[in-house]
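Chain naming here is simple, since letters A, B, ... match the order of the sequence lines and numbering starts at 1 in each.
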Amino acid sequence: MPSSFTIPVPSDFDLKRDLCSYGYFLLAPNHWDVRRQVFTRTLLLDDRAVTLRVSQKSTGSPLKVAADATLSRMGRDEATRQISRMLRLDEDAAHLAAFHAVDPRWGESGRGRIMRSPTLFEDIIKTVTSCNVTWPSTIVMNRRLCEVLGKQSSSGLFAFPDAKKLASARAQTLRARCRVGYRDARIIELAKLYLKAERGGRPARQTAKPTTKPSTKAAPLIDLAVLNDLATSDDMIFKSLVALPGIGPYAAANIMQLLGRYARLPLDTESVRHGRTLLGFKGSSAQVMRKVQAHFKPFGDHAFRSYWFEMWAFYESKHGPAWTWERDSTGKMFTAAQLSQ
DNA sequence: GGTAGACCTGGACGC
DNA sequence: GCGTCCAGGTCTACC
């Protein structure tokens with residue numbers, strides 16, 4: 001009999017607001033049903049793909065989770081852990097109050113949580129698939145990664161491929177079938193490094209043959225204990241991330257916010273557009289980026305959240321609340337590049 | 001340290 | 001339908 005269970009949430013938690021708070025909610029294998037207000041996500045649980053349907057009656061009420069398979073106690077615990085990570089349930093009202101004290105603009109709406117992936121690995125790969133492409137290509141890459149390499153649940157839906165699967169994938173497959181282009185070798189390298197980290201430092205099996213030359217960055221290493229340790233400085237985290245293949249300053253800063261470190265801004269062309277159109281900054285792209293950086297510096301450890309919700313509010317002013325965006329229509333054009341047209 | 005050009009894909013556009 | 005141009009962040013070579 002399929003499992004169903006509940007997950008307690010902070011009193012201010014609002015599923016539709018807090019899930020639909022970052023573009024990743026539009027990327028496979030995530031799916032938000034606008035009409036039913038149900039979040040569907042397939043996870044790897046009990047060594048197989050299980051599709052979960054998550055809903056909430058009202059703000060602060062527990063999440064109702066319905067699985068399409070029977071889960072063991074360990075499977076339910078793992079599902080709870082992964083969903084909690086995605087929805088940042090560890091960030092309670094007191095935690096968000098610190099942000100709202102620094103930037104009161106979001107106090108009334110309660111904005112503060114920024115959706116992420118169930119694992120750091122998926123966050124890293126999703127970040128790589130968002131670099132040097134337009135948003136529709138990112139959507140395609142994630143969908144194909146799931147369809148080509150992800151496990152399928154009994155509902156016919158796919159999970160995101162884990163590090164083991166991507167570490168042993170062929171670069172040719174990633175390029176030709178998942179349409180990741182030159183990112184093929186970098187994704188495989190990242191998967192191997194992550195797998196090594198998960199296994200406590202043991203090297204992954206060498207099976208993939210990259211179609212392009214792998215990165216020549218010096219001695220990249222993923223140390224999960226260091227990345228998750230609050231005592232590690234932001235500078236050290238940033239330095240270790242930019243040493244990874246396919247990760248530059250933008251990607252590193254983005255992964256940092258996904259880790260819950262909000263002091264740095266992932267500056268990209270969106271930042272420049274935002275700086276010019278909303279903040280009124282003038283000058284070259286580099287100059288505008290520096291001005292955007294300086295503009296949000298007073299928000300200190302919460303800089304990214306102030307920056308992000310300001311941009312998100314701009315997107316919503318153009319196309320309505322994010323929880324009304326359909327993945328295949330509005331969701332394909334939510335970046336400022338499209339919305340400003 | 002700063003900069004130019006290559007890396008890929010998909011969409012827009014002109015013919 | 002085809003060819004060309006462009007957007008997008010990272011990486012390497014070069015100055």
Mind listing the side-chain donor-acceptor pairs of residues 285-293 of chain A below 3.5 Å, one per line with the distance, residues two or more places apart or on another chain?
from: A:Gln287; atom 1: OE1; to: A:Ser284; atom 2: N; distance (Å): 2.7
from: A:Gln287; atom 1: OE1; to: A:Ser284; atom 2: OG; distance (Å): 3.3
from: A:Lys291; atom 1: NZ; to: A:Lys282; atom 2: O; distance (Å): 2.7

So, does A:Thr134 get its side chain near the phosphate of B:dG10, meaning an N or O under 4.0 Å from OP1 or OP2? no
Please check the phosphate of C:dG9 (OP1 and OP2 only) for any side-chain N or O of A:Thr269 closer than 4.0 Å. yes
Checking only heavy atoms, does the side chain of A:Tyr182 share a donor-acceptor pair with the base of C:dG9 at less than 3.5 Å? yes
Could you check how far CG of A:Leu265 sits from C1' of C:dG9, rounded to whole Å? 16 Å
Considering only B:dG10, B:dC8, C:dG9, which nucleotide approaches the side chain of A:Cys131 most closely? C:dG9
For A:Lys16, is there an ion pair with A:Asp14 - N to carboxylate O distance below 4.0 angstrom? yes
Any ion pair linking A:Glu147 and A:Arg179 (charged N to carboxylate O, less than 4.0 Å)? no
Using a cut-off of less than 4.0 Å, is there contact between a side-chain N or O of A:Arg179 and OP1 or OP2 of B:dC8? no
Does a salt bridge link A:Arg273 with A:Glu270, judged by any charged N lying under 4.0 Å from a carboxylate O? yes
Short side-chain N/O contact to C:dG8 OP1/OP2 from A:Arg273, under 4.0 Å: yes
The helix from B:dG1-C:dC15 to B:dC15-C:dG1: angle between end helix axes, five pairs per end, rounded to 10 degrees: 40°
Send over the distance from A:Asn142 CG to B:dT9 P, rounded to a whole Å. 16 Å
Mind calculating the distance between CZ (A:Arg177) and C1' (B:dT9) to the nearest angstrom? 18 Å
Atom-to-atom span, OH of A:Tyr250 to P of C:dA7 - whole angstrom: 18 Å
Rounded to whole angstrom units, what separation is found between the CD1 atom of A:Ile255 and the P atom of C:dT10? 9 Å
In whole angstroms, how far is the C1' atom of C:dG9 from the CD1 atom of A:Ile125? 16 Å
Return the set of residues passing side-chain hydrogen bond (donor to acceptor under 3.5 Å, both in side chains) with A:Ser4 (not counting sequence neighbours), or none when no residue passes. none
One thing to verify: whether A:Glu78 and A:Arg73 come together as a salt bridge, which I'm taking to mean a side-chain N less than 4.0 angstrom from a carboxylate O. no
Quick one: is A:Arg183 getting a side-chain N or O under 4.0 Å of the C:dT10 phosphate, OP1 or OP2? no
Measure the distance from CG on A:Asp184 to P on B:dT9 and round it to the nearest whole Å. 9 Å
Measure the distance from CG on A:Asn132 to P on B:dG5 and round it to the nearest whole Å. 16 Å
Minimum heavy-atom distance A:Ser21-A:Ile114, with the two atoms named: OG-CA, 3.5 Å
